[in-house]
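Please read all numbers here as calculations on a predicted model, not as lab measurements.
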Protein chains: 2
Amino acid sequence: MTQKKRVTLQDVAEHAGVSRATASLIVRGSTKIAEKTRDKVLDSMRELGYVYDRVAANMRSQSSSTIGLIITDIANPFYAELLRGVHQALEEAGYTVFLGTTYDSKMKQDQLIARMLEHRVGGIILCPVSEDSKDSIEPVKQIDIPLVLAVREIENVSSDYVGIDYEVGAQMAVNHLIHRGHRRIAFLGGTSHSTAWKERRQGYCTALKQAGLEIDESLIIESSVTREGGMGAVRQVLFKSNPPTAVFCFNDLVAHGVMLGLNEAGLQPGKDIAVVGFDNNNEAPLYNPPLTTVSSYARLIGSQAASLLQQRIVNPDRDHQRIILQPELVVRKSS
Amino acid sequence: MTQKKRVTLQDVAEHAGVSRATASLIVRGSTKIAEKTRDKVLDSMRELGYVYDRVAANMRSQSSSTIGLIITDIANPFYAELLRGVHQALEEAGYTVFLGTTYDSKMKQDQLIARMLEHRVGGIILCPVSEDSKDSIEPVKQIDIPLVLAVREIENVSSDYVGIDYEVGAQMAVNHLIHRGHRRIAFLGGTSHSTAWKERRQGYCTALKQAGLEIDESLIIESSVTREGGMGAVRQVLFKSNPPTAVFCFNDLVAHGVMLGLNEAGLQPGKDIAVVGFDNNNEAPLYNPPLTTVSSYARLIGSQAASLLQQRIVNPDRDHQRIILQPELVVRKSS
DNA sequence: CTGAAAGCGCTTACAG
DNA sequence: CTGAAAGCGCTTACAG
């Protein structure tokens with residue numbers, strides 16, 4: 001792990017015949033330096049192959065130019081998009097991003113948070129695991145580093161947050177299915193301890209009730225938030241004596257799994273059984289058939305979270321913000 | 001960007017009534033300290049909420065516990081898997097990963113490399129952009145930081161490298177199509193200035209020649225390495241007076257686009273036209289129809305690259321290694 | 001602009 | 001185990 005000796009600002013100053021303080025001003029882009037001096041110093045930097053040591057600078061000035069981003073699964077296109085939004089906003093602002101993935105393990109989340117704090121990140125954007133993880137963020141609060149939650153909230157935790165209104169989104173999806181004449185609608189996928197699941201469930205129930213339909217608990221099946229989870233869930237529900245005619249899925253990934261499971265069983269999604277997803281992934285229009293889904297604006301969530309974080313860094317004492325994006329139903333051929 | 005004052009080792013030492021040197025030993029897990037002393041110090045750390053400052057430690061000891069990973073596109077499942085392999089291997093070893101995405105822009109790649117060097121990463125894993133970027137890695141060589149290339153090589157650059165044998169892979173794919181009786185086989189997607197493309201093209205041509213078939217340049221169409229690129233490429237080739245009966249695609253993403261383009265044109269992939277991909281993404285078996293493809297072991301490439309990097313960090317002077325994984329054909333229903 | 005000094009939070013080396 | 005000192009590569013503050 002040991003590196004060879006780097007060229008330091010001291011070396012550059014000596015080479016250019018100026019003081020270290022002057023060189024320091026130049027490297028930080030001060031305009032108060034005579035052009036001639038600046039050029040001389042910049043030439044020396046090039047000649048010596050100087051590379052600015054941002055770590056040392058940050059340490060001395062007690063600042064940070066890194067941000068930690070913790071997501072649950074990079075293989076989920078939703079998070080890939082969210083990452084993109086975060087990267088775009090923060091790299092423009094000069095931050096570099098530490099990425100960590102929890103795969104929905106709380107232990108992993110705790111480890112990642114600890115490591116990021118040790119690396120003196122300037123702030124953390126956390127997409128929490130679905131398990132309750134109030135205590136995970138204790139260390140962050142204690143050391144008082146800016147934190148923004150995204151996608152899922154943590155119950156009884158006050159923090160900046162960006163997400164979408166899952167309840168309304170779920171309601172829109174289920175209403176749509178009801179309007180198409182469906183009466184037995186399943187809700188498949190996701191795990192019941194996450195707020196993101198609870199809110200969807202709430203929306204699902206509200207829509208059914210408003211239409212005067214019974215809630216059949218046997219049509220609500222949890223699963224991991226993966227294609228495999230979706231396949232498993234739909235298999236369970238197909239074997240009921242009175243199977244559903246439509247499925248509202250936790251997200252697009254699960255919906256994809258559900259469609260594959262239906263194919264396997266010789267059923268055609270969108271014809272034999274309607275399927276609606278959640279997220280509006282890049283891939284959703286490319287599924288077969290193209291997936292009706294609720295847009296959850298992954299990239300926008302990412303860039304908004306980045307923006308909240310920057311604002312919090314600038315002004316640590318302002319009130320917590322909660323940004324709830326309004327979802328939109330995108331109707332395609334699967335319903 | 002300024003942070004509130006942290007608890008330092010000094011504070012901990014004072015609180016526990018030991019010297020700073022002792023506290024430093026304990027925090028690094030030395031076994032040479034009496035258990036009683038250690039417990040006392042660990043208690044103080046907990047009580048004060050001490051967080052180890054890895055940045056300061058790395059600076060003093062001239063070491064690094066960060067790694068830069070530069071990929072082209074996180075929305076490509078191939079890279080999501082590769083990232084997973086890298087993360088898994090490096091996090092176990094105590095490294096934290098800076099992630100950067102170039103979206104195949106050389107300028108972005110240069111910026112990311114510069115930034116990572118400024119952050120004193122202990123090494124870089126680079127999946128180069130397809131454009132020739134020999135000069136991009138000049139700064140890395142100059143400052144003498146361990147570098148591993150993955151997925152694509154850079155011509156005339158000597159470095160550790162992990163990739164697969166694209167030529168053999170392409171040959172396997174095209175041979176397979178020939179054995180199925182195809183005579184007009186297109187090669188769609190990718191950009192001709194990358195080694196990864198050149199090697200595939202080489203394999204494509206070799207297979208055709210060995211079978212005594214002509215190479216028809218009009219059946220070779222470049223595109224961006226995305227689904228959209230694949231859709232565009234297949235549209236072009238379908239309008240030929242003598243269209244192909246089979247398509248070998250640059251990768252699975254392109255193949256997916258090709259299949260969508262075929263659907264659009266009323267053709268059924270795997271029936272009207274055979275399609276073969278490259279990568280064996282997670283998603284390939286889930287396409288419709290399931291995609292015949294060449295496995296390129298994304299996660300393995302990632303973990304091997306991580307392993308090469310660690311070895312290079314330990315021993316900077318050893319010979320450059322080239323790991324070329326052997327591809328494997330996975331036959332499914334699309335061909 | 002310069003120059004000398006102090007300090008960010010650690011580790012290192014050494015005498016006791 | 002302790003204690004005092006030096007140093008990693010910067011920035012900061014200040015007198016000139």
Nearest-angstrom distance from the residue atom NE2 of B:H119 to C1' of D:dG9 | 15 Å
Which comes earlier along DNA chain D counting from the 5' end, the contact point of B:A56 or that of A:A21, where each point is its nearest nucleotide?
-> B:A56
Residue pair B:Q109 / B:S105, side-chain donor-acceptor N/O under 3.5 Å | no
Side chain of B:R60, base of D:dG7: donor and acceptor closer than 3.5 Å?
-> yes
B:E118 CD to D:dC10 P: how many Å, rounded?
-> 10 Å
Nearest-angstrom distance from the residue atom CG of B:D53 to P of C:dG7 = 18 Å
Say whether A:S19 and A:T22, considering side chains only, have a donor N or O and an acceptor N or O under 3.5 Å apart.
-> yes
Answer with base, sugar-phosphate or nothing: what part of the nucleic acid does A:V55 contact at a heavy-atom distance below 4.0 Å?
-> nothing
Kindly point out which of C:dG3, C:dG9, C:dT11 is positioned nearest to the side chain of B:S61?
-> C:dT11
Can you tell me the distance, in whole Å, between the CD atom of A:E14 and the P atom of C:dA4?
-> 12 Å
Using only heavy-atom distances, determine whether the side chains of B:S64 and B:N58 contain a donor-acceptor pair under 3.5 Å.
-> no
Grab the CG-P distance between B:D11 and C:dC8 for me, whole Å please.
-> 11 Å
Minimum-distance nucleotide (side-chain atoms of A:Y50 versus D:dC10, D:dT11, C:dT11) = D:dC10
Across every strand shown, the nucleotide meeting Watson-Crick or G-U wobble geometry with C:dA4 (both distances under 3.5 Å) is none
Is any side-chain N or O of A:T8 closer than 4.0 Å to OP1 or OP2 of D:dG9?
-> no
Answer yes or no: does a side-chain N or O of B:Q10 lie under 4.0 Å from OP1 or OP2 of C:dC8?
-> no
So, is B:Q62 near the phosphate of C:dT12, with a side-chain N or O under 4.0 Å from OP1 or OP2?
-> no
Paired to D:dA13 by Watson-Crick or G-U wobble criteria (both distances under 3.5 Å) is none
No-hydrogen, no-angle side-chain donor-acceptor test under 3.5 Å, B:S24 and B:R28 | yes
Send over the distance from B:N58 CG to D:dC10 P, rounded to a whole Å.
-> 16 Å
Rounded to whole angstrom units, what separation is found between the CE atom of B:M59 and the C1' atom of D:dA6?
-> 13 Å
Are any of B:R120's side-chain N or O atoms less than 4.0 Å away from OP1 or OP2 of D:dC10?
-> no
Under 4.0 Å between a side-chain N/O of A:R28 and OP1 or OP2 of D:dT11, yes or no?
-> yes
For A:D104 and A:S130, test the side chains for any donor-to-acceptor distance below 3.5 angstrom and give the result as yes or no.
-> yes
Is the B:F98 ring parallel, tilted or perpendicular to the B:H119 ring (thresholds 30°, 60°)?
-> tilted
Atom CG of B:L25 to atom P of C:dT11: distance rounded to whole Å?
-> 9 Å
Which part of the nucleic acid, if any, lies within contact of A:R20, taking any heavy atom under 4.0 Å across all strands shown: a base, the sugar-phosphate backbone alone, or nothing?
-> base
